[in-house]
A.B. asks: 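If you scroll down you'll find the structure; I have some questions about it.
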Amino acid sequence: QVQLVESGGGLVQAGGSLRLSCATSGRTFTSYTMGWFRQAPGKDREFVAHISSSGGSTYYADSVKGRFTISRDNAKNTLYLQMNSLKPDDTAVYYCNSRAGSYSWGQGTQVTVSS
């Protein structure tokens with residue numbers, strides 16, 4: 001059973017940056033397209049970005065394109081999300097998972113952006 005542990009969230013002012021990490025256990029990490037998702041209070045969980053198994057291809061939601069960068073280190077079984085130019089609308093709990101949501105969801109990491 002793969003476990004997902006997100007970290008790196010926090011409180012930041014608008015315009016600031018954060019780097020999220022997702023540590024995974026299990027040997028299947030390198031086989032999957034992995035993604036970041038987020039859930040704001042009172043809203044459904046939404047897709048943020050994904051990256052192919054090799055790391056050679058990425059895709060972003062329009063709302064974060066040009067500000068966020070997804071990356072992965074397959075040797076460390078770790079997924080990253082660099083978030084720049086943060087906006088209050090980015091406030092949410094951020095989760096990682098395979099693009100299809102194949103794994104059990106972790107606890108997420110809270111990102112709060114103040115105006």
Side-chain angles (χ1 to χ4, degrees):
Q1 181 72 18
V2 172
Q3 292 186 321
L4 306 169
V5 180
E6 301 92 346
S7 63
L11 173 63
V12 63
Q13 289 188 331
S17 298
L18 285 172
R19 189 192 193 206
L20 306 184
S21 298
C22 169
T24 73
S25 62
R27 293 178 291 179
T28 62
F29 173 80
T30 57
S31 301
Y32 284 91
T33 293
M34 293 296 294
W36 284 97
F37 305 81
R38 66 186 182 186
Q39 187 167 20
K43 296 187 177 181
D44 292 334
R45 186 177 289 152
E46 66 175 3
F47 165 79
V48 174
H50 75 228
I51 185 167
S52 63
S53 57
S54 67
S57 177
T58 58
Y59 184 82
Y60 299 91
D62 287 344
S63 58
V64 307
K65 197 173 297 182
R67 300 188 297 121
F68 290 10
T69 302
I70 188 171
S71 61
R72 66 191 297 162
D73 185 336
N74 284 344
K76 296 181 179 180
N77 287 343
T78 303
L79 182 73
Y80 302 100
L81 186 68
Q82 177 66 43
M83 305 187 297
N84 298 329
S85 302
L86 282 161
K87 305 175 181 180
D89 284 349
D90 295 318
T91 294
V93 179
Y94 284 70
Y95 302 88
C96 63
N97 208 318
S98 70
R99 181 62 182 95
S102 304
Y103 302 135
S104 297
W105 294 93
Q107 82 288 350
T109 186
Q110 175 71 49
V111 172
T112 303
V113 184
S114 62
S115 57

A.B. asks: Donor-acceptor check, side chain of Asn74 to backbone of Ser53, threshold 3.5 angstrom: yes or no?
C.D. replies: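 Confirmed, Asn74 side chain pairs with Ser53 backbone.
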
A.B. asks: Take Met83 and Arg67 through the side chain to side chain contact (heavy atoms under 4.5 Å, CB included) test and state the conclusion after the steps.
C.D. replies: CA-CA 6 Å; Met83 305 187 297; Arg67 300 188 297 121; over 6 Å; no

A.B. asks: Using only atom types and a distance under 3.5 Å, with no angle test, would you say the side chain of Asp73 pairs donor to acceptor with the backbone of Thr78?
C.D. replies: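 No, the answer is negative, given that no donor and acceptor are paired below the 3.5 Å cut-off.
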
A.B. asks: Assess whether a salt bridge exists between Lys87 and Asp90, defined as any Lys/Arg side-chain N lying under 4.0 Å from an Asp/Glu carboxylate O.
C.D. replies: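 Salt bridge between Lys87 and Asp90, a charged N being under 4.0 Å from a carboxylate O: no.
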
A.B. asks: With a 4.5 Å limit on heavy-atom distance, are the side chains of Arg38 and Val64 in contact?
C.D. replies: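 Answer yes - side chains close enough.
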
A.B. asks: Would you find a donor on one side and an acceptor on the other, under 3.5 Å apart, between the side chain of Tyr60 and the backbone of Ile70?
C.D. replies: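 The answer is yes, because a donor-acceptor pair under 3.5 Å joins these two groups.
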
A.B. asks: Cut-off 3.5 Å, no hydrogens considered: what does the side-chain donor-acceptor table look like for residues 2-22, sequence neighbours left out?
C.D. replies:
| residue | atom | partner | partner atom | Å |
| --- | --- | --- | --- | --- |
| Glu6 | OE1 | Gly108 | N | 3.0 |
| Glu6 | OE2 | Cys96 | N | 3.1 |
| Ser17 | OG | Asn84 | OD1 | 2.9 |

A.B. asks: When rounded to the nearest 0.5 angstrom, what distance separates OG1 in Thr69 from CG in Leu81?
C.D. replies: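 With rounding to 0.5 Å, OG1 (Thr69) is 8.0 Å from CG (Leu81).
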
A.B. asks: Honestly, is Arg72 close enough over Phe29, meaning NZ or CZ under 6.0 Å from the six-membered ring centre and within 45° of the axis?
C.D. replies: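 Flagged: Arg72 positioned over aromatic ring of Phe29.
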
A.B. asks: State, yes or no, whether a side-chain contact exists between Arg99 and Tyr59 at a heavy-atom distance under 4.5 Å.
C.D. replies: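 No, every pair of side-chain atoms sits at 4.5 Å or beyond.
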
A.B. asks: What I'd like to find out is whether the side chain of Thr24 reaches to under 4.5 Å of the side chain of Leu79, using heavy atoms alone.
C.D. replies: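 A side-chain contact under 4.5 Å is absent here.
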
A.B. asks: Would you say Lys43 has more than 12 foreign heavy atoms packed within less than 6.0 Å of its NZ?
C.D. replies: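 For Lys43, atom NZ is not crowded (no more than 12 foreign heavy atoms under 6.0 Å).
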
A.B. asks: Side chains of Trp36 and Phe68: does their closest heavy-atom pair fall under 4.5 Å?
C.D. replies: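 Counting from C-beta outward, Trp36 and Phe68 never come under 4.5 Å.
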
A.B. asks: Taking the side chain as every heavy atom from C-beta outward, state whether Gln110 and Thr91 have any atom pair closer than 4.5 Å.
C.D. replies: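 Touching, per the 4.5 Å side-chain cut-off.
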
A.B. asks: Can you confirm whether Thr30 sits close enough to Asn77 that some side-chain heavy atom of one is under 4.5 Å from a side-chain heavy atom of the other?
C.D. replies: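 Yes - at least one pair of side-chain heavy atoms lies under 4.5 Å apart.
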
A.B. asks: Kindly compute the distance separating CE (Met34) from OG (Ser102), expressed to the nearest 0.5 Å.
C.D. replies: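 With rounding to 0.5 Å, CE (Met34) is 9.0 Å from OG (Ser102).
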
A.B. asks: Would you call the rings of Phe37 and Phe47 parallel, tilted or perpendicular if under 30° counts as parallel and over 60° as perpendicular?
C.D. replies: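 Perpendicular, since the angle between the ring planes exceeds 60°.
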
A.B. asks: Once you round to the nearest 0.5 Å, how far does CD of Gln107 lie from OH of Tyr95?
C.D. replies: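 So the gap between those two atoms works out to 8.5 Å.
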
A.B. asks: Please report the closest heavy-atom contact between Tyr32 and Ser98, naming both atoms and the distance.
C.D. replies: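 Minimum heavy-atom separation between Tyr32 and Ser98: CD2-CB, 4.1 Å.
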
